Each structure stands twice: as C-alpha cells, then as structure tokens.
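Here's the structure, in structure tokens; my notes come after.
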Amino acid sequence: MIIYPAIDLREGVCVRLMHGRFDQVTQYDDNPEDRLAAFVAEGATWVHIVDLDGAKAGQAVQHELIGKLAAGTTASIQSGGGVRTAEDVERLLDAGVTRVVVGSLAVTRPEEVATWLAWFGPERLTLAFDVRVGEDGVPTPSLKGWTEAAGFDLWSALDRYPAGTLSHVLITDVGRDGALTGPNLDLLSEARRRRPDLKIQASGGVSSLDDLTAAAAIGCDGAIVGRAIYEGRFTAGQAIEATR
C-alpha cells in the first residue's frame, strides 16, 4: 500500500483542518519545502498536496507553489484543490504533478470529467469523493465545502465511471477527517467489494499504524495521512515500513 503523507496549503504554509472547516485550522509548518523534503528523506515516494485556498475559492490559487514543490522533489506528487477546468489539470501536469485530484466536479459534472480521463489517461487523475454516512448507512457525496449533499449515493456516483475508464479514487468519510478516530473501514470495504477494478485510497481519520495495516488488509491501494504524522502519533517512515 502506498502511503501519501499530506501537505495541506493555506496561504503558503502547512495546516490541517478539522472536518474540513476553515474556522478550525491548525498551522504546523511555515515552510512546505522543508516538510516535503523531510517526507522524502523518510522514504515517501508519493506526497499528497492540497491547495486549500483553491478548494475554498473554487479556482486555482496556489498552483504556482505546488508546481515549485513538484519541480524540487524526487517524489511523485498527487495534488488538487481549485481544479475546475481541463486547463487547470494540464497546468499542474505540465508543472510536474504526477496525478491531479478532481473533487466535486467528479460528482456534479461527470460527463466533463470523463472526457478528461479519456484525454489525459486514467493514471493521471484521482477522483476524490467526500461522503457523509447517514444513519441508514448510505454514503452520500458532500459538495461545496461539505455544506451540501448530492441527491444520490456514492455508488451511483461511481457508476458514472464504468470499469476501464477510471483507475484511482480517494474516498473520505468527512465525519472522521482530521479527527483521529480511525478510517471508515466498512465504507472502504464496501467500495472495494463493489468496484474491485479501482485503486482505492483511504482518507479521513487515520490515527495509528494499526489503522493503516487494517486499510491495507482490506485491499486499499493507498492511504492519505496528515494529522497523525504532524502530531507525532507516528512518522511517515514508520507508516511506510508498517505497510510494506
């Protein structure tokens, strides 16, 4: 399983949000270049970088910085935030990003995103689905900063991308994001059962090395790890070693 240490950028510095809320932000690093270099020194071959300002604004804000980070590292970069057009995708790829993350548009404009997958290739895009799990157990995609719900479930959203057209998906239970309560293994297991063709990245709630080994055991291809590393629960190197 691939460990993706996370760098969330807000105004050029590394932060983490609680449940994606911009009024619950913790700043960790002033220098994202140093943080990226530290992850690579610990053995990270992939790093997940998010333009939080872009995600909030609905347009690219820090893609220039992300390009600078990608150009200055040997790690492969998966990055998104504020990606709204094919030109945004192309700009990030040209800047050295290996795989671009597409979020809400994967739910709201699937036909357009499908053309991007066909044009750039399924290895160059990761579709990110942020979901809330209701009391009935149904995972529903959350939109517009997690303030609105789609009118259909995650499985219907994934059905819009038939096998062979999509490879990488990132699934986040937003109720666990940044909370260190453990990933939603039931949700991830169900996604794996329904779509064995997809490479699934676990996101939201990772708090321990046991969480990572459990995600690997159910067949997740990768895991995004943020707050647990920043707060010293374990290092990126320990996470990588635990899931080899």
Side-chain angles (χ1 to χ4, degrees), residues 2-15 29-41 43-130 143 145 160-161 164-172 198-201 203 221-226 236:
I2 298 171
I3 298 297
Y4 296 80
I7 295 176
D8 289 355
L9 297 172
R10 188 182 187 196
E11 298 178 354
V13 301
C14 302
V15 305
D29 286 304
D30 291 332
N31 193 321
E33 289 92 342
D34 289 347
R35 174 59 70 169
L36 175 58
F39 285 151
V40 174
T45 57
W46 280 87
V47 177
H48 181 78
I49 302 179
V50 180
D51 176 3
L52 288 176
D53 294 319
K56 184 177 183 180
Q59 61 184 5
V61 176
Q62 299 187 98
H63 286 189
E64 182 177 348
L65 172 57
I66 292 169
K68 179 182 176 182
L69 292 170
T73 184
T74 57
S76 297
I77 301 299
Q78 174 175 270
S79 183
V83 174
R84 292 295 183 271
T85 67
E87 290 72 23
D88 289 333
V89 176
E90 190 167 23
R91 191 176 301 113
L92 284 171
L93 293 176
D94 287 346
V97 169
T98 303
R99 198 183 298 139
V100 176
V101 178
V102 179
S104 60
L105 267 64
V107 176
T108 61
R109 286 155 50 184
E111 295 84 2
E112 182 175 356
V113 172
T115 66
W116 299 355
L117 285 161
W119 179 258
F120 296 107
E123 287 302 316
R124 305 310 301 273
L125 295 174
T126 296
L127 303 193
F129 296 92
D130 300 336
L143 308 170
R160 299 179 181 187
Y161 302 94
T165 65
L166 173 63
S167 182
H168 300 277
V169 297
L170 191 166
I171 299 175
T172 303
L198 297 177
K199 296 178 180 179
I200 297 171
Q201 298 173 26
S203 174
D221 181 74
I224 312 297
V225 188

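Note that the structure is a prediction, hence the values are computed from the model and not measured.
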(message) Within the structure provided, determine whether Ile49 and Leu9 are in side-chain contact (heavy-atom separation under 4.5 Å).
(response) yes

(request) For the residue pair Glu90 and Phe120, establish whether any side-chain heavy-atom pair is separated by less than 4.5 Å. (result) yes

(message) Quick check for you: to the nearest 0.5 Å, what is the distance between Ile66 atom CD1 and Leu36 atom CG?
(response) 11.5 Å

(request) Could you give me the CA-CA distance, side-chain angles and deciding distance for Val101 and Val83, then say whether side-chain contact (heavy atoms from CB on, under 4.5 Å) is met? (result) CA-CA 8 Å; Val101 178; Val83 174; over 6 Å; no

(request) Determine the minimum heavy-atom distance between Ala44 and Ala75, stating which atoms define it. (result) O-CB, 4.1 Å

(message) Under a 3.5 Å distance rule, please check whether Tyr161 uses its side chain to pair with a backbone N or O of Val113 as donor and acceptor.
(response) no

(request) Quick one: pull up CG in Leu127 and CH2 in Trp116 and give me the separation to the nearest 0.5 Å. (result) 9.5 Å

(request) Looking only at non-hydrogen atoms, find the nearest pair between Pro110 and Ala106 and report the distance. (result) CB-O, 3.9 Å

(request) Please round to the nearest 0.5 Å and tell me the distance separating atom OG1 of Thr98 and atom CG of Leu92. (result) 11.0 Å

(message) Quick one, Phe39 and Ile7 - any side-chain contact, counting heavy atoms below 4.5 Å?
(response) yes

(request) Measure the spacing between OG1 of Thr165 and CG of Leu125 and express it to the nearest 0.5 Å. (result) 11.0 Å

(message) Would you say that Ile77 contacts Leu69 through its side chain, given a criterion of any heavy-atom pair below 4.5 Å between the two side chains?
(response) no

(message) Can you tell me how the ring of His48 sits relative to the ring of Tyr4, calling it parallel under 30°, perpendicular over 60° and tilted otherwise?
(response) perpendicular

(message) Any side-chain to backbone donor/acceptor pair from Thr108 onto Ser104? Under 3.5 Å, distance only.
(response) yes

(message) If you compare all heavy atoms of Arg160 against all heavy atoms of Val107, which two are closest, and at what distance to 0.1 Å?
(response) NH1-O, 3.5 Å

(message) Restricting to non-hydrogen atoms, name the atom on Pro122 and the atom on His168 that form the minimum distance, rounded to 0.1 Å.
(response) O-CD2, 3.7 Å

(request) Please collect all salt bridge (charged side-chain N to carboxylate O under 4.0 Å, His left out) contacts where either partner lies in residues 102-112, sequence neighbours excluded, each pair once. (result) Arg109-Glu112

(request) Only counting residues at least two apart or in another chain, list the ones meeting salt bridge (charged side-chain N to carboxylate O under 4.0 Å, His left out) with Arg91. (result) Asp88

(message) Under the side chain to side chain contact (heavy atoms under 4.5 Å, CB included) test against Gln201, which residue among Ile171, Thr172, Val169, Thr126 passes?
(response) Thr126

(message) Looking at every heavy atom in both His63 and Gly81, which two are closest together, and how far apart are they?
(response) NE2-O, 3.0 Å

(message) On a heavy-atom basis, which atom in Ala95 and which in Ala70 lie closest, and how many Å separate them?
(response) O-CB, 4.0 Å

(message) Are Lys199 and Ile2 packed together at the side-chain level, in the sense that at least one heavy-atom pair is separated by less than 4.5 angstrom?
(response) no

(request) Would you mind listing every salt bridge (charged side-chain N to carboxylate O under 4.0 Å, His left out) that reaches into residues 61-71, with sequence neighbours excluded? (result) Glu33-Lys68

